[in-house]
J.: 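Following this message is one structure expressed as structure tokens.
Quick note: numbers below take in every heavy atom, side chains included, and nothing from hydrogens, waters or symmetry partners. First listed ligand is number 1; within each ligand, the first listed atom is number 1.
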Amino acid sequence: RKVDLVYTRVRTEEKLLLEALRRRDCAVTMVSDSGRVLSMDRQPASESDTVLMRSMSFTRARYLATFLEMKGLRVLNSARTISLCGDKALTCAALAAKGVPMPWSFVAFDEDACLEEVERRGYPVVTKPVLGSWGRMVAKLDSRSAAEGVLSTRFGTGGAQDHVALVQEYVDKPGYDLRVYVIGRAVGGLRRRSEHWITNTARGAVPERYEVPVLHAKLAEAAAEAVGGDMVAVDLLETRDGHVYVNEINHCVEFARSIEETGVPLPDLIAEYVVGSAR
Ligand code: ADP
Ligand code: ZN
Ligand code: MG
């Protein structure tokens, strides 16, 4: 098998994936996402037939996946999956279209219209950038004055492309959220425990072992299917009374901070999936 591994930085994840692919007799070419110049034609872009997309940049990942697919390569995850998962508003729409349980959500394009709808629904609510990760700029609004502050920043800074607010029900979690890895199927997961309501490991949450119950596995698989994801990390929010919602779907699975706790051999599972799906 010939595989291109597209990267931004060669992190622990990319090193482990490279080793796991090589152990399976893959000829892996490491391709930096920054040096690429792609012509808009069907000229082959690579000697490989499969691309493992590990770019950390949504812009580069989405465009590169689109163009490499156009040039006949199989890209994991696909351009469609990257486009849907990288934009939280589009993720919500894809989940809603398939009836996958999620916190109620709305988008608004204007400060006053958004504030009015928040007031109508009541506090607390969560708002987050449609593009973003690692818990950055995720905000909980407890009051009208908080909402006014955050929304005036959202709509008063940046360019037209930034002037969209995604607002969601605040889910009162029992001190953790859940992440289920779907590599073709649900293969395991982890619980992320924190004193803070934002439970990203990048923000200090502690990863814990979590035996994924069938219900959660099925929910995560349904979420992955809704976005056509081959290999994704599905974040679930559990309520204190045991309901469970899909919060987001990550198309570039990160595991360096949690591989020991979870006991899920993600590099091997991903490499196996790549090899199995290569033409
Ligand atoms: P990111 O892509 O930055 O990880 P998330 O949507 O996953 O964005 O939000 C980061 C964290 O914030 C989640 O892991 C969760 O702990 C918390 N969070 C996000 N949305 C909600 C919500 N609607 N209710 C409660 N907690 C939330
Ligand atoms: Zn995310
Ligand atoms: Mg998240």
Side-chain angles (χ1 to χ4, degrees), residues 13 53-59 61-62 77 81-96 100-107 114 117-118 121-142 146-147 150 154 162 164-182 189-208 210 216 219-220 223-224 227 229 231-258:
E13 279 90 347
M53 181 56 68
R54 296 289 309 178
S55 171
M56 294 161 70
S57 150
F58 176 49
T59 304
R62 183 168 57 128
N77 283 296
T81 299
I82 293 168
S83 301
L84 293 176
C85 295
D87 181 315
K88 289 183 171 66
L90 296 184
T91 310
C92 287
L95 293 173
V100 179
M102 60 180 201
W104 60 249
S105 307
F106 69 84
V107 290
C114 188
E117 182 63 12
V118 168
R121 296 198 185 225
Y123 301 93
V125 295
V126 171
T127 184
K128 50 182 98 163
V130 293
L131 314 183
S133 55
W134 302 324
R136 289 172 302 192
M137 290 183 280
V138 177
K140 182 170 144 196
L141 311 179
D142 292 301
V150 168
R154 175 70 41 81
D162 301 307
V164 50
L166 172 63
V167 178
Q168 294 186 323
E169 169 184 5
Y170 169 70
V171 178
D172 186 20
K173 306 182 289 301
Y176 58 79
D177 77 352
L178 304 167
R179 168 165 288 187
V180 179
Y181 299 110
V182 179
L190 81 152
R191 187 181 285 114
R192 303 185 294 182
R193 188 174 295 280
S194 178
E195 308 268 291
H196 200 283
W197 72 275
I198 295 178
T199 53
N200 295 74
T201 52
R203 292 274 294 256
V206 178
E208 296 177 350
Y210 147 61
H216 295 183
L219 183 57
V227 295
M231 37 180 77
V232 291
V234 181
D235 289 355
L236 306 178
L237 302 177
E238 207 171 10
T239 65
R240 289 183 191 269
D241 53 3
H243 290 91
V244 54
Y245 298 118
V246 174
N247 175 42
E248 69 150 348
I249 308 171
N250 298 286
H251 58 83
C252 189
V253 179
E254 292 179 355
F255 46 79
R257 281 193 198 79
S258 54

J.: To the nearest 10 degrees, how large is the angle at the Zn ion (ligand 2) between Asn250 OD1 and Glu248 OE2?
T.: 80°

J.: Measure from atom 10 (C) of ligand 1 to every heavy atom in Ile198, Asn200, Val126, Asp235 and give the option owning the shortest one.
T.: Asn200

J.: Exactly one of Thr201, Asp235, Thr199 should register a side chain to side chain donor-acceptor pair (under 3.5 Å) with Arg192. Which one does?
T.: Asp235

J.: Looking at SG of Cys252 and CE of Met231, how far apart are the two atoms once the value is rounded to the nearest 0.5 Å?
T.: 10.5 Å

J.: What residue among Lys88, Gln168, Met102 forms side-chain contact (heavy atoms from CB on, under 4.5 Å) with Asn247?
T.: Gln168

J.: Please confirm whether Arg192 comes under 4.0 Å of ligand 1, counting heavy atoms of the residue only.
T.: yes

J.: Can you measure from CG (Asn200) to CD (Glu254) and round to the nearest 0.5 angstrom?
T.: 9.5 Å

J.: Ser105 side chain to Pro103 main-chain N or O, any donor-acceptor pair under 3.5 Å?
T.: yes

J.: Distance check, rounded to the nearest 0.5 Å: Leu131 atom CG versus Arg136 atom CZ?
T.: 11.0 Å

J.: Who's the nearest protein heavy-atom neighbour of atom 25 (C) of ligand 1, and how far?
T.: Val171 O, 3.2 Å

J.: Could you check atom 21 (C) of ligand 1 against the protein and tell me its nearest heavy-atom contact, residue, atom and distance included?
T.: Leu237 CD1, 3.9 Å

J.: Starting from atom 23 (N) of ligand 1, find the nearest protein heavy-atom neighbour and note its residue, name and distance.
T.: Glu169 O, 2.8 Å

J.: Among all the protein's non-hydrogen atoms, which is closest to atom 8 (O) of ligand 1, and how far away is it?
T.: Lys88 CE, 3.3 Å

J.: Considering only protein heavy atoms, which is closest to atom 18 (N) of ligand 1, and at what distance to one decimal place?
T.: Trp197 CZ3, 3.7 Å

J.: Determine whether a donor-acceptor pair (N or O, by modelled atom type, separation under 3.5 Å) exists between the side chain of Glu13 and the backbone of Phe255.
T.: yes

J.: Could you tell me, atom by atom, which parts of ligand 1 come under 4.0 Å of a heavy atom of Gly132?
T.: 2 (O)

J.: What I want to check is whether the side chains of Arg154 and Thr127 have a donor and an acceptor closer together than 3.5 Å.
T.: yes

J.: Between the Mg ion (ligand 3) and Asp235, which N, O or S atom of the residue is the nearest one?
T.: OD2

J.: For atom 5 (P) of ligand 1, what's the nearest protein heavy-atom neighbour? Residue, atom name and distance, please.
T.: Asn247 ND2, 3.5 Å

J.: With atoms numbered from 1 as shown, which atoms in ligand 1 lie under 4.0 angstrom from a non-hydrogen atom of Gln168?
T.: 20 (N), 23 (N)

J.: Specify whether Tyr170 and Trp197 have parallel, tilted or perpendicular ring planes, treating 30° as the upper limit for parallel and 60° as the lower limit for perpendicular.
T.: perpendicular

J.: Report, in ascending order of atom number, the atoms of ligand 1 lying under 4.0 Å from any heavy atom of Thr199.
T.: 14 (O), 15 (C), 16 (O)

J.: Of the choices Thr239, Thr91, Leu178, Asp177, which has the non-hydrogen atom that lies closest to atom 13 (C) of ligand 1?
T.: Asp177

J.: What pair of heavy atoms forms the shortest contact from Tyr245 to Thr239, and how long is it?
T.: CE1-CG2, 3.7 Å

J.: In Glu248, what N, O or S atom is nearest to the Mg ion (ligand 3), if we give its atom name?
T.: OE2

J.: Considering only the protein, which heavy-atom contact is closest to atom 19 (C) of ligand 1, and what is its distance?
T.: Lys128 NZ, 3.5 Å

J.: For residues Ile249 and Leu95, determine if any side-chain heavy atom of one lies less than 4.5 Å from a side-chain heavy atom of the other.
T.: yes

J.: Students should be able to answer this: which protein heavy-atom is nearest to atom 26 (N) of ligand 1, and at what distance?
T.: Lys173 NZ, 2.9 Å

